[in-house]
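By convention in this document, chain letters (A, B, ...) are assigned in the order of the sequence lines, proteins followed by strands, and residues within each chain are numbered from 1.
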Amino acid sequence: MARVTLRKVVKRYDETLAVRGIDLDILDKEFVVLVGPSGCGKSTTLRMIAGLEDITDGEIIIDGETVNDVPPKDRDIAMVFQNYALYPHMTVYENMSFGLRLRRAPKEEIRTRVQDAAAILGIGELLERKPKQLSGGQRQRVAMGRAIVRDPKVFLFDEPLSNLDAKLRVQMRTEIKRVHQKVRTTTIYVTHDQIEAMTLADRVVVMNGGVIEQVGTPDELYHAPATRFVAEFIGSPAMNLVPCHLVETSSGLGLHLDDNLVLPVPADRIRRYQPYAGKSLLFGLRPEYMVERRVHTGPHQFDFEVLLEVIEPMGMDTFVHFLVNGMDVCARVNASAGARAGQRFTLCADLDHLHLIEHDSGKVL
Amino acid sequence: MRSTTEARAQASPPVRRRAARLPAFASRKSTIALGMTLPLILIIGVLVLYPAGYAFYLALLSKSMDRFVGLANFDFLFRRETFWMVVKQSVIFAVSAVLFKALIGFLVAHCVHNVPARGQRKWRGMLLVPWVIPPAMSTLAWLWLFDPSYSAFNWLIQHAGGEGVPWLGDPYWARFAVILVNVWVGAPFFMIMYLAALKSVPEQLYEAAAIDGANWWQKLWYVTLPMMRNIIAITALFSLIVTFANFDIVRVLTNGGPVDQTHVFATWAFKLGIEGNDIPLGACVSLFMVPILAIAAIFILRDINRRGTEA
């Protein structure tokens, strides 16, 4: 088990910079998820840690040792690939034991380790089968088993669940978390699915365009995104973003969204936002902080009336869509609140959770 | 009333069944399958079964083809030394040629596979040339290269201080020359088959092997070769059949000489049957390729079947 450190790591392919000098420190036993849209450099970063890609510049340190020039086989890492990469001509047992056999581990030890790993993953009865006789979920388990058997310093996962159907993906997600809690090996996991990232990670690294946008716990990313990209990327449905003007009002500051809607800035944020008074900014608020009118439970709840355009019942809740200043905005109301399309409806926004984003820099203020 | 309708109902089905029998027969799955494979069955029948059967029939006739002599031709062959030499000769020729073609093809395929994509097409094209030229023509060029007095090979050897080699005059050198030309002609076919097989091995298997701790050699042994096994087997079988039945190279290069020392089944059958005017004996010789190749084919195909389609 080990710590993994990236220092100013750069990857350049001919003319394009895939990774633009990232710094990251992954602690021992930590489960870190790299998440971002395709082409953001997350897989490249993982492959550089694995040693499958050369590093153009910078330094990668695993367990105190700089591994820039160490080949993959000597890095003591294990990797689970997106399409499993099981050897089709070997049985499950042979697949799982391949790494140990190459390292000339004693036969008895190999047997115990494979059986232990198979027991953890519940694939004990599949050991004599060939990969083509397995289902997608079983193959995924075998690929994980192959990693566990090696007892490496670091586990690397490259989008391991993207080839599975939705139901199995949720199951395997839990499985991966359970396995990590059992074996406690430092894990780096790449995905484009923010829900996977949120549910699995101790810390999430959000990447975009070859740079790290933000590193933090799932909770931090959700409640305190650092940039517009993170605010939009994390959370489903996405955060509502509406252009606004920060204006001075008689009682302090107000957010002028459109002529009919000016939201008061909570008193405890006035000092923070004062320098931006008069400027055009982006107002952000997640759907769950706009609900049907209730008895106010906090000081910064604000009622306003909208014309509902679209209603999406989800069972427990209903998403309602309406327009503010021409922008589609989504709110999450109770299913029994009786929201109907085409109806005027009073919503209550909890402004304690608002975010203001600078247009040019994309920074959350 | 009831009884008459019942009787009619009971009587009518057989009539209807008989009337419906023909369309039912035509639309049965097995009939359709037979209909669709019939052209292939006919082609095989006309081009394979008939000539094979005819050859077998010919082999049972006397030299003048007017008398049925049973297995006398076979008996005659078994008691001739030249026949056993041709058997040995054909086996050595086919096995060693296929072995070297496979080895060289494999090496070259690896080299080409590692050439960057842009230059690869050029190399592939150039390396296929020996296989594309009609062998009878390219063998003529080789014939000149092997000429004892004026050839490029001996010129080179002599300029390097060595002594000229009687390439086609000495039995061992003649065998070597025949095999060399056959390898030269046939290796590109192996190269292209192996290259296709190499390209079909997913890159991630090599990456997984690298992470598992495999070095270059172990990747070749545990990933590349097992993944290519079926292609290797089929290519080898195919090449074995073609090489075993080779005619043109031996015919042009040595014509079986010196003293029948380089004959293979096809050339010897031609010599006996056409040149020696003993068609039954020639047919008899050519039939000997069948059991030898059949045994090889059974073993190789059984192995492929057993492995099935692992990928």
Side-chain angles (χ1 to χ4, degrees), chain A residues 14 43 46-53 67 70-91 94-105 129-134 139 142-147 149-150 152-160 163, chain B residues 102 106 109-110 113-120 193-237 299-311:
Chain A
D14 295 330
S43 278
L46 190 81
R47 291 170 59 83
M48 285 193 287
I49 298 171
L52 298 172
E53 300 277 354
V67 294
V70 178
K73 68 186 177 80
D74 299 325
R75 292 193 184 194
D76 200 8
I77 44 152
M79 187 155 167
V80 176
F81 293 86
Q82 181 175 352
N83 48 12
Y84 325 126
L86 299 175
Y87 310 113
H89 52 280
M90 296 186 195
T91 62
E94 288 165 339
N95 262 289
M96 286 171 70
S97 60
F98 186 58
L100 293 176
R101 282 187 284 143
L102 288 180
R103 287 176 167 74
R104 302 194 185 286
R129 296 214 196 146
K130 292 266 176 81
K132 69 164 179 181
Q133 297 167 298
L134 304 177
R139 285 180 206 185
V142 175
M144 273 166 65
R146 185 166 66 175
V149 161
R150 294 251 320 276
K153 285 181 188 158
V154 185
F155 278 152
L156 305 176
F157 287 86
D158 190 4
E159 308 224 11
N163 281 6
Chain B
F106 190 75
H110 259 276
H113 187 54
N114 288 319
V115 170
R118 213 178 296 162
Q120 218 182 74
M193 293 296 281
Y194 289 172
L195 190 61
L198 276 176
K199 284 187 187 301
S200 71
V201 180
E203 192 55 36
Q204 286 207 329
L205 288 188
Y206 293 115
E207 292 181 346
I211 286 174
D212 270 335
N215 55 30
W216 179 86
W217 169 248
Q218 286 165 326
K219 278 187 216 168
L220 181 74
W221 188 253
Y222 291 112
V223 180
T224 313
L225 283 177
M227 293 294 287
M228 289 175 64
R229 248 161 79 174
N230 280 355
I231 297 277
I232 289 175
I234 289 182
T235 314
L237 174 65
F299 274 102
I300 293 173
L301 291 178
R302 201 182 58 173
D303 197 37
I304 290 169
N305 260 341
R306 192 166 47 79
R307 277 199 303 276
T309 47
E310 275 159 357

*Checking A:Asp74 against chain B: side chain, backbone, both or neither under 4.5 Å from a heavy atom?*
neither

_Distance-minimising heavy-atom pair for A:Arg75 and A:Val67_ = NH2-O, 2.8 Å

_Partner chain A: residue of B:Glu203, B:Arg229, B:Gln204 with the largest heavy-atom pair count (under 4.5 Å)_ = B:Gln204

*Which portion of A:Leu100 sits near chain B, non-hydrogen atoms under 4.5 angstrom*: neither

*Think A:Arg146 forms a cation-pi with A:Tyr84, using NZ or CZ under 6.0 Å from the six-ring centre and within 45 degrees of its axis?*
no

*Below 4.5 Å from any heavy atom of chain A, which atoms of B:Gln218 appear? Answer side chain, backbone, both or neither.*
side chain

*Looking only at heavy atoms, which two atoms of B:Met227 and B:Val201 are closest? And how far apart?*
CB-CG2, 3.8 Å

_A:Pro88 vs B:Leu205 side-chain heavy atoms within contact, under 4.5 Å_ = yes

_Is B:Tyr222 in contact with chain A via its backbone, its side chain, both, or neither, using a 4.5 Å heavy-atom distance?_
both

*Looking only at non-hydrogen atoms, find the nearest pair between B:Lys219 and B:Ala214 and report the distance.*
CE-O, 3.8 Å

